[in-house]
Number of protein chains: 4
Amino acid sequence: MKEKMMDTIIELFGKKGFQGTSIQDIVEANGVTKGTFYYYFKNKEDVLVHIHQSFIDHLLEGQEKIITNEDLSNCEKLNRIVELLIHNIRTNGHSALVFFQEMRHLSEEKTAIILPKRQQFQENIQKVLEEGMKAGEFKKDLRADMLSYAVLGMANWSYFWYEPDGEVNEESLTDLYMQMIFKGIEEETNDH
Amino acid sequence: MKEKMMDTIIELFGKKGFQGTSIQDIVEANGVTKGTFYYYFKNKEDVLVHIHQSFIDHLLEGQEKIITNEDLSNCEKLNRIVELLIHNIRTNGHSALVFFQEMRHLSEEKTAIILPKRQQFQENIQKVLEEGMKAGEFKKDLRADMLSYAVLGMANWSYFWYEPDGEVNEESLTDLYMQMIFKGIEEETNDH
Amino acid sequence: MKEKMMDTIIELFGKKGFQGTSIQDIVEANGVTKGTFYYYFKNKEDVLVHIHQSFIDHLLEGQEKIITNEDLSNCEKLNRIVELLIHNIRTNGHSALVFFQEMRHLSEEKTAIILPKRQQFQENIQKVLEEGMKAGEFKKDLRADMLSYAVLGMANWSYFWYEPDGEVNEESLTDLYMQMIFKGIEEETNDH
Amino acid sequence: MKEKMMDTIIELFGKKGFQGTSIQDIVEANGVTKGTFYYYFKNKEDVLVHIHQSFIDHLLEGQEKIITNEDLSNCEKLNRIVELLIHNIRTNGHSALVFFQEMRHLSEEKTAIILPKRQQFQENIQKVLEEGMKAGEFKKDLRADMLSYAVLGMANWSYFWYEPDGEVNEESLTDLYMQMIFKGIEEETNDH
DNA sequence: GATGAATGAGACTTCATTCAT
DNA sequence: TATGAATGAAGTCTCATTCAT
């Protein structure tokens, strides 16, 4: 029951926003009464916390597997992290929307739990970039911090426009993006 | 007066969100009464529309100047568009936040006005990419559409984390980003 | 079990009031579930009735023993009734609080049972005063009805402020009060 | 308007208790809407605070006039304070009820304002008793603290039963009570 | 004897908005 | 140009209670 409600709520939050979704909306969408909602959840924020928790935990877990895999080059690691992000956004679009847009409505207390995890994810990307620079896979003297944000922005922004059922599937999209990130878009001239 | 109120409201919307900001908040922040608010604005959405309008109009205007400037290469045009975006986000952070996060709360009618302008901005980037490809500035066979989103994501995402007073100024940030977009981050081997 | 719950509930009602105490509060304080509460009690009022019943029954019983004891003067009877009251308030403070403050929340039907008993207690005091007047123990021409209320007020009010562990024990307090009631506080002059 | 509402609310609180009175009850009794209530009052507690404030302030003010009047003996002062109390309870019965029964529902913060005033009133009575003892008006070695509570209890209890339109008016009631307090009820024997 | 899922009414409160002045 | 009294719908949440197990 709780699971079923969570799914519905994620969809509602995704479509109408956290504040734009009333308890009334929630219980109507689930065919239950208000009492039932408050039987399963402490309050509306409680649901928001659950969504954030499981979204970022899922991401961190996936990321962890990638960065601790010693068989992978840093190049490949970066590739897979971007793939992970895009895949996640495609599969859990509404969760992603909530995650990126509704952080504001977490209480200070809950933010203190979620925010560090978000930062962890970014720092892990930064670390991959740094390792790759050391290993000679990436150019020296890059700003790993800024670039990690660029990578994140590029991937995350896809929740705004990416149509999972469109002509470009997620693997292709990842490839496209990684091509740009690795090789750039400029036509290579032969004067070097 | 209206201008003064607009500024305060943008800040409030930026900090607390559109739905999170009550008329009460607005009039208190301005030291006026509710009547005054409704003297100057039709309703709350009215303000939101103003913010969206002027933000996107300002961007489109800037973009227009860049793309119609025949002295510029497409490379340079892209560079300047990114600079425009980052500059705008830095200078009008709250407006940017509202623009990117509160579109949902526009009525259908108003969305019909704003949304095409947003798309216009993206399409203009796409067009620069396409022209650049034709002109041999960019690699052939790039997906101009997807890449335009990548560029937008990268730039826009900066409103989440970019600290205007931090160690990296906006020109450097633009350079960093353009370096990656143009040349990529991979260490060039000499086997080509 | 029922007894154990009653004790907890009395304390809760005393501290937070009848309406201020929720079934949730009750079952939490007892480490049981709501179902359990309704297994033992018909509803919340049911508990309130029990509390009132046993409090007033206990008082009336004690009072009965005193007033039917033919060895006692009316003076002594009054003394013992006041002692009974103060002792009861000291020992069952929370019950007393509930008894004096939460009568309002009894249904009409239940009020019809409890109220006459309360009045009985007051009338019994009144009767002792009247008997004492007839017997020449008390001054003639007193208003026994009004004075019975005075005695009740004085004694009952102690539930507001009396600290059982304070420097004055209940016997001393009774003595103090009876001294005032019997002899008054005015300095006796010898001009009579 | 606010005044009019206050009066109605006092009556409602008096009859049904603070928690037993809903905002719905209040606005219905006043023929206005809920919005109107919240236009005039911050919340329900706000009204309760007002009631407490004005009740105790009124009492303290009256008491102040009495105890600072140097023409009065302490005997007379005590008499007048009791009269003040009984008069107040008679005239503002509902306020008195609220004052004595609904203190619990004040927030800690507001209690911190009201409670000291209540204690002030009691201490002022105590002081009159002490002064009277020093002046030889009252017996030596009385417990002024305990007796002040007795006097308060006696007078305050009248809100439970005193019928303003009954056969005993407030002056007579005060006299009755003062007679008891001053002279006691015991028949004086001539063996002293 | 005891549970816990579910209810639905109703609690307090906030809100955007109107309108006579 | 600005006010402030008034609205009523809708918001979040709590509550006493029931009932199948």
Side-chain angles (χ1 to χ4, degrees), chain A residues 1-2 4-5 16 18-28 30-48 105, chain B residues 1-2 5 18-28 30-48 105, chain C residues 1-2 5 18-28 30-48 105, chain D residues 1-2 4-5 16 18-28 30-48 105:
Chain A
M1 181 80 211
K2 193 170 174 176
K4 175 180 167 292
M5 290 187 77
K16 313 170 69 160
F18 175 73
Q19 291 202 97
T21 305
S22 70
I23 307 292
Q24 192 60 37
D25 292 337
I26 292 172
V27 299
E28 268 170 23
N30 278 91
V32 294
T33 59
K34 281 181 194 168
T36 306
F37 174 84
Y38 283 97
Y39 179 73
Y40 286 109
F41 302 99
K42 209 153 43 74
N43 52 36
K44 217 168 78 163
E45 198 210 350
D46 193 31
V47 191
L48 191 60
H105 301 110
Chain B
M1 182 79 210
K2 191 170 175 175
M5 288 185 78
F18 175 73
Q19 291 204 96
T21 305
S22 70
I23 307 289
Q24 191 58 37
D25 291 335
I26 292 172
V27 299
E28 266 170 25
N30 279 90
V32 295
T33 59
K34 283 184 188 171
T36 308
F37 174 84
Y38 282 94
Y39 179 75
Y40 286 110
F41 302 96
K42 202 150 54 72
N43 51 35
K44 215 169 80 163
E45 199 209 352
D46 193 31
V47 191
L48 190 60
H105 301 110
Chain C
M1 182 80 209
K2 192 171 175 176
M5 289 186 76
F18 175 72
Q19 292 203 95
T21 305
S22 69
I23 306 290
Q24 191 60 37
D25 292 336
I26 292 172
V27 299
E28 266 170 26
N30 279 91
V32 294
T33 59
K34 282 184 188 170
T36 308
F37 174 85
Y38 282 94
Y39 178 75
Y40 286 110
F41 301 98
K42 202 151 51 74
N43 52 35
K44 215 168 80 164
E45 199 209 351
D46 193 33
V47 191
L48 190 60
H105 301 111
Chain D
M1 182 80 210
K2 192 171 174 175
K4 175 181 167 292
M5 289 186 78
K16 315 171 67 160
F18 175 73
Q19 292 203 96
T21 305
S22 70
I23 306 291
Q24 191 61 35
D25 292 337
I26 291 173
V27 298
E28 268 171 22
N30 279 90
V32 295
T33 58
K34 282 181 192 168
T36 306
F37 175 83
Y38 283 96
Y39 179 73
Y40 285 109
F41 301 98
K42 211 155 39 77
N43 51 35
K44 217 169 78 163
E45 199 209 351
D46 193 31
V47 191
L48 190 60
H105 301 111

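In the text below, chain A, chain B and the rest are named by the order of the sequence lines, each starting its count at 1.
When the C1' atom of E:dT3 is taken as reference, atom OH of C:Y40 falls 12 Å away, rounded to whole Å. Spacing between atom NZ of A:K16 and atom C1' of F:dG11 amounts to 13 Å, rounded to whole angstrom units. Following rounding to the nearest Å, A:H105 (NE2) and F:dT12 (P) show an atom-to-atom distance of 12 Å. In this structure, CZ of D:F41 is placed 15 Å from P of E:dT14, rounded to the nearest angstrom. Summarising the geometry, the separation between CG on A:D46 and P on F:dT12 is reported as 14 Å, rounded to the nearest angstrom.
Heavy atoms only, all atoms of each residue included: D:Q19 and D:H105 are closest at NE2-NE2, 3.0 Å.
A side chain to side chain contact (heavy atoms under 4.5 Å, CB included) with A:F37 is found for one member of A:V32, A:N43, A:N30, A:V27 and no other, namely A:V27.
Stacking of C:K2 on the aromatic ring of C:Y39 is not recorded, the 6.0 Å distance cut-off and the 45° axial limit not both being met.
Here A:D25 pairs with A:K16 under the salt bridge (Lys or Arg N to Asp or Glu O under 4.0 Å) rule; sequence neighbours left out.
Close to F:dA2, at under 4.0 Å from its OP1 or OP2, lies no side-chain N or O of B:Y39.
Between atom CZ of residue D:F41 and atom CG of residue D:L48 there is a gap of 11.5 Å, rounded to the nearest 0.5 Å.
Between D:G31 and C:G20, the residue anchored nearer the 5' end of DNA chain F, judged by the nucleotide with its closest heavy atom, is D:G31. Heavy-atom distances to DNA chain E give each of C:T33 and D:D25 a nearest nucleotide, and the one nearer the 5′ end belongs to C:T33.
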field: Secondary-structure notation, DNA chain F, from Watson-Crick and G-U pairs under 3.5 angstrom (| other strand)
entry: .||||||||||||||||||||
Scan nucleotides 16-19 of chain F against the protein and return all N/O pairs shorter than 3.5 Å with their distances rounded to 0.1 Å.
residue	atom	partner	partner atom	Å
F:dA16	OP1	C:T21	O	3.4
F:dA16	OP1	C:K44	NZ	2.7
F:dA16	OP2	C:I23	N	2.7
F:dT17	OP2	C:Y38	OH	3.0
F:dT17	OP2	C:K44	N	3.2
F:dT17	O5'	C:Y38	OH	3.4

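The shortest side-chain heavy-atom distance between C:F18 and C:K44 falls under the 4.5 Å cut-off.
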